[in-house]
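Computed from heavy atoms alone, side chains included, the values below leave out hydrogens, waters and symmetry copies.
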2 protein chains.
Amino acid sequence: MAAEGKRNTRQRDVIVDIFFERGVDGHLSLQELLDLVQEVEPGVGFATVYRTMKLLTDAEVAHERRFVEGQTRYELADFGEHHDHLICTRCGHILEFEDPTIERRQREIASDLGVRITHHRHEIYGVCVDLDACNRRLESASA
Amino acid sequence: MAAEGKRNTRQRDVIVDIFFERGVDGHLSLQELLDLVQEVEPGVGFATVYRTMKLLTDAEVAHERRFVEGQTRYELADFGEHHDHLICTRCGHILEFEDPTIERRQREIASDLGVRITHHRHEIYGVCVDLDACNRRLESASA
DNA sequence: GTTCCTGCAAAAAGTTTGCACCTTA
DNA sequence: TAAGGTGCAAACTTTTTGCAGGAAC
């Protein structure tokens, strides 16, 4: 796993394990990740989590996401696949979507405007239609 | 213009004038705006530009954009209209686009996933196909 | 025994805010 | 002259880095 020129340490094991455990739709902030790590391995520093996530990001194993200002979250990359996000600004729930029609139009637009696409960022923000579910998530988040 | 409960000062005049002068595709950072303002009116502080842009943003006259980490840029709102952005990561050139097909798919997707859209963020990143033009912009930016 | 990693604490970078003084209406 | 606005500098927030001690190979 981390055997790509990098050393295998106890801290990294725990960090990577916890991060992977969450899967593709676990969008964790550094602080949340640190808190989880410290439950297992107290004493781990913020800087170690930061540097480990940077390694994963550089290796394209994780993606940095910033849905909210001043808060970077990390998501496990889903190899080969690609998806965009739909975020409820009320409860913070994050849904994922993938749409070939939009992808195609993007390529056409970029081509028309004379740009070769490297990547994109497409986020839709809104509020859950199911307010009960939204409220439940809101409460469990603040609990 | 600024006659919406707010006072009309020399500083605000200059800041707003310069900001409007740039039009919809003038994507200025606070620092760039401050530099331009100080050419006309030395002594204006960063905080004043900051607070003025915040007023404009709250009044929906300006939009805050963050294409690059740790750098907020302000864009004049184009009333009624809506557009998204295509950014060259090499020279920083910002193009705008608007696509009904994408907008429609967005609404369908959000509806399917049970979310009522409030706004969205769609940015395409890439590199200019016309490298000569890209290089010229790169040079003039560092000059 | 090197080389790399960790934890701490300090540095950066950008954004906000408190406060005393100055302007506007 | 009362309500607001300005400029300065300090406070904040989040991310990044230097360094001395400690692990991994």
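- Listed pair A:R10 / C:dC5 fails the phosphate criterion, with no side-chain N or O lying under 4.0 Å from OP1 or OP2.
- Listed here is the closest heavy atom pair of B:I87 and B:H85: CD1-CB, 3.9 Å.
- B:R7 has no side-chain polar atom (N or O) that falls below the 4.0 Å cut-off from OP1 or OP2 of C:dT23.
- Shown here are the ring pair (Phe, Tyr, Trp, His ring centres under 6.0 Å) partners of B:H93, two or more places apart in sequence or in another chain: there are none.
- At D:dT15, none of the side-chain N or O atoms of A:Y50 fall inside 4.0 Å of OP1 or OP2 (strictly under the cut-off).
- Put simply, CG on A:D13 is 14 Å from C1' on C:dT6, counting in whole angstrom units.
- Looking at A:E41, its side chain never comes within 3.5 Å of a backbone N or O of A:Q38 through a donor-acceptor pair.
- Considering only side-chain atoms of B:K6, the nucleotide from D:dG5, D:dT15, C:dT6 that sits closest is D:dG5.
- The residue among B:K54 and A:G43 whose nearest nucleotide of DNA chain C is located toward the 5' end is A:G43.
- Atom C1' of nucleotide D:dT14 and atom OH of A:Y74 are separated by 11 Å, given to the nearest angstrom.
- When the P atom of C:dA13 is taken as reference, atom CD of B:E69 falls 15 Å away, rounded to whole Å.
- For C:dC5, the OP1/OP2 oxygens have no side-chain nitrogen or oxygen of A:T48 closer than 4.0 Å.
- For the pair A:E64 CD and D:dT15 P, the interatomic distance rounds to 9 Å; values are reported in whole Å.
- Contact check, A:Q11 against C:dG7: a side-chain N or O comes under 4.0 Å of OP1 or OP2.
- Atom CG of A:L86 sits about 5.5 Å away from atom CG of A:L95, to the nearest 0.5 Å.
- Below the 3.5 angstrom threshold, one finds no donor paired with an acceptor across the side chain of A:R51 and the base of C:dT6.
- Residues from residues 28-38 of chain A placing a heavy atom under 4.0 Å of any atom in DNA chain D do not occur.
- Projected onto DNA chain D by closest heavy-atom contact, B:T9 and A:R66 fall at different nucleotides, the more 5' of which corresponds to B:T9.
- Taking the charged nitrogens against the carboxylate oxygens, B:R121 and B:E123 do have a contact shorter than 4.0 Å, which makes a salt bridge.
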*Checking salt bridge (Lys or Arg N to Asp or Glu O under 4.0 Å) for the pair A:R136/A:E139: CA distance, chi angles, key distance, verdict?*
CA-CA 5 Å; A:R136 279 196 298 279; A:E139 282 162 30; over 6 Å; no
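- With respect to the salt-bridge test (charged N to carboxylate O, under 4.0 angstrom), the residues B:E75 and B:R22 do not qualify.
- Separating the CZ atom of A:F46 from the P atom of C:dC8 is a distance of 13 Å, rounded to the nearest angstrom.
- Here the C1' atom of nucleotide D:dG7 and the CD1 atom of B:I15 are 12 Å apart, to the nearest Å.
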